[in-house]
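Down below is the structure, laid out as structure tokens.
This one's a predicted model, so the numbers in the text were calculated from it and none came from an experiment. Atoms considered below: every heavy atom in the structure, side chains included; atoms not considered: hydrogens, waters and symmetry mates. One is the number of the first residue; the rest follow in order along the sequence.
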Amino acid sequence: MTAPPKAGTAQPKLSTLGLITVLLGAFLPMLDFFIVNVALPTIDRDLSAGPAMLELFVAGYGIAYAVLLVLGGRLGDLYGRRRLFITGALAFGLTSLACGVAPTALALVAARVAQGAAAALMLPQALATIQSATQGERKARAMGIYGAVGGIAVVIGQVLGGVLLSADLFGTGWRFIFLVNVPVAVVAAVLALRAVPETRSAHPARVDLPGTVLLAASLLALLVPLMEGRSLGWPWWTWVLLAAFPFVLAAFVAVERAAERAGRIPLVPMSLLRVHGLRTGLTMAVPFFAGFGGFMMVMAVALQLGLREGPIASGFAMVPMAVGFFAASLAGPRLLARFGSKVIVTGAIVQVVGLGVLVATVLTDWSGLSPLTLLPGMALAGTGQGLVMPPLIRLVLSEVPVERAGVGGGILATTQQSSLALGVATLGTLFLSVSSSMGMQHALALVLTLQLALTLVVIALGTRLPKRVGH
């Protein structure tokens, strides 16, 4: 077991096994956001859930996850990141077990919310540990791998979900999708005890209760109506929440600024957002991850409902994207060191080309659409995303001081997760709303075109990035 560092001693270093361990902890929460997508029809039949409850299976996890991520980062800074990582991993395993044995739809929703909260404890510690226990080229490489893991987890979630569902291991059906997390989470916790050094902020701050409450309220006011409104028929309270969102967000910003002026350390220090590279990178992350989240959900639905592909076939249609993403993301750190932020802009351009190819394929060959005909566009889009995501994550965190690594990781993870959920809610809702009138083919082409437009925004913002990224 690695002892926590004492004052005046050198900062502990993260070993290869330690890096693998924290990456495993980061992989699980990202995987679970998407792995349930392919199982929703089966869960509906088994638990008589209904459309609104199905939305909550996805939304409950994503909202709890996004709302608590910054708090999870702060708690790691305060009490020790390894300690919170282990606590989060064990809680994730326990809540996954609760999901796997849930007897009713309501019980599954409650377990998914708890699972999202556990994920929010675990994930920020992975980023913060990498930030605080690696240096120089090793940090750049570790951040590149982290970005690759994030993208691959999203794709593998849909592939693995389809495989596990079709395999019906031990007659558990959809339940094994959750039960498989239990031993993996326990292994991550045990490995963390042995291989992950304890790190914490040199000047930890107390929990910012007003900031936490207002951040949670603002995210809930935005995400709950967007993710639940369509399935519930847009009742009046969804519009009230959406109208309240900008006011609650403004109150959060005002409270955080006032706390920082008073010498306290707020949940999200607004002084961090004055750093040009960090601010621009976070702004870019919103359209990029929103498009990415919407794309993954819409493609899965279009392939399963529009073309009647099974869960395995629809999952394997994502494999060319995964291969392109993984290869590009591993090359990202070297390319970033040599060419700077031009890599991010180039990656976004490649993604635009890939999305254009996919739009053309959908419009010209809908009846013959298959994983094979989608391969060129998927491979190009994945390669472009692999050149954007890891370097962007590296850029966002590169100027965050080590003592604020937990806060920086929490801000980034919250932006990423909220944007993924926002993309699922907006692009997914649009797709499901217009597919009945436009047809599945043209609805899919419309959503892909909108993602292409979001990527053009990423390109425009990318020209404002610092030319070189610090280490």
Rounded to the nearest 0.5 Å, what separation is found between the [atom1] atom of [X] and the [atom2] atom of [Y]?
| X | Y | atom1 | atom2 | answer |
| --- | --- | --- | --- | --- |
| L84 | R74 | CG | CZ | 12.5 Å |
| L450 | T426 | CG | OG1 | 9.0 Å |
| N181 | L31 | CG | CG | 7.0 Å |
| T455 | Q351 | OG1 | CD | 4.0 Å |
| L242 | L223 | CG | CG | 10.0 Å |
| L214 | L209 | CG | CG | 9.5 Å |

Less than 4.5 Å apart, side chain to side chain, heavy atoms only: is that true for [X] and [Y]?
| X | Y | result |
| --- | --- | --- |
| L241 | W237 | yes |
| V286 | L282 | no |
| R141 | T134 | no |
| V196 | L191 | no |
| L448 | L452 | no |
| L222 | L249 | no |
| D32 | R112 | yes |
| L444 | M299 | yes |

Can you tell me if [X] uses its side chain to pair, donor with acceptor, with the backbone of [Y] under 3.5 Å?
| X | Y | value |
| --- | --- | --- |
| Q385 | F292 | no |
| E256 | L267 | yes |
| Q125 | G72 | yes |
| T414 | I411 | no |
| R138 | L14 | yes |

For residues 315-330, run the donor-acceptor check on the side chains, cut-off 3.5 Å, and write out each pair with its distance to 0.1 Å, sequence neighbours left out.
from	atom 1	to	atom 2	distance (Å)
S329	OG	F325	O	2.9
S329	OG	F326	O	3.0

Stepwise side-chain contact (heavy atoms from CB on, under 4.5 Å) test for I344 and M284: CA-CA 10 Å; I344 297 174; M284 289 177 63; 3.6 Å; yes

What heavy-atom pair brings [X] and [Y] nearest, and what distance separates the two atoms?
| X | Y | answer |
| --- | --- | --- |
| P124 | L69 | CG-O, 3.4 Å |
| A192 | R82 | O-CD, 3.3 Å |
| V248 | S218 | CG1-N, 3.6 Å |
| Q115 | C99 | OE1-SG, 3.9 Å |
| L226 | T429 | O-OG1, 3.7 Å |
| A443 | S435 | CB-CA, 3.7 Å |

For Y61, all residues meeting ring pair (Phe, Tyr, Trp, His ring centres under 6.0 Å), sequence neighbours excluded: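 Checked Y61 against ring pair (Phe, Tyr, Trp, His ring centres under 6.0 Å); matches are Y65.
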
Non-neighbouring partners of W234 that pass ring pair (Phe, Tyr, Trp, His ring centres under 6.0 Å), sequence neighbours left out: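 W239.
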
Residue list, side chain to side chain contact (heavy atoms under 4.5 Å, CB included) with P210, at least two apart or on another chain: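 P210 satisfies side chain to side chain contact (heavy atoms under 4.5 Å, CB included) with D208, V255 only.
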
Over 12 non-hydrogen atoms of neighbours within 6.0 angstrom of CZ in R83: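 No, CZ of R83 has 12 or fewer neighbouring heavy atoms, counting only those of other groups under 6.0 Å.
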
Within 6.0 Å of CZ in R279, more than 12 heavy atoms from elsewhere: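 Yes.
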
Full working for side-chain contact (heavy atoms from CB on, under 4.5 Å) between Y79 and T87: CA-CA 11 Å; Y79 295 111; T87 302; over 6 Å; no

V70: which of V268, L219, T415 passes side chain to side chain contact (heavy atoms under 4.5 Å, CB included):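 Single side chain to side chain contact (heavy atoms under 4.5 Å, CB included) partner of V70 among V268, L219, T415: V268.
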
Counterpart residues, side-chain hydrogen bond (donor to acceptor under 3.5 Å, both in side chains), relative to S418 (two or more places apart):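 For S418, no residue satisfies side-chain hydrogen bond (donor to acceptor under 3.5 Å, both in side chains) once neighbours in sequence are set aside.
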
Residue pairs involving residues 280-297 (criterion side chain to side chain donor-acceptor pair (under 3.5 Å); sequence neighbours excluded):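 Found none.
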
Audit row: L380, V357, side-chain contact (heavy atoms from CB on, under 4.5 Å) steps and yes/no: CA-CA 9 Å; L380 279 170; V357 171; 4.2 Å; yes

L215 vs V67, side-chain contact (heavy atoms from CB on, under 4.5 Å): CA-CA, chis, key distance, verdict: CA-CA 7 Å; L215 177 62; V67 161; over 6 Å; no

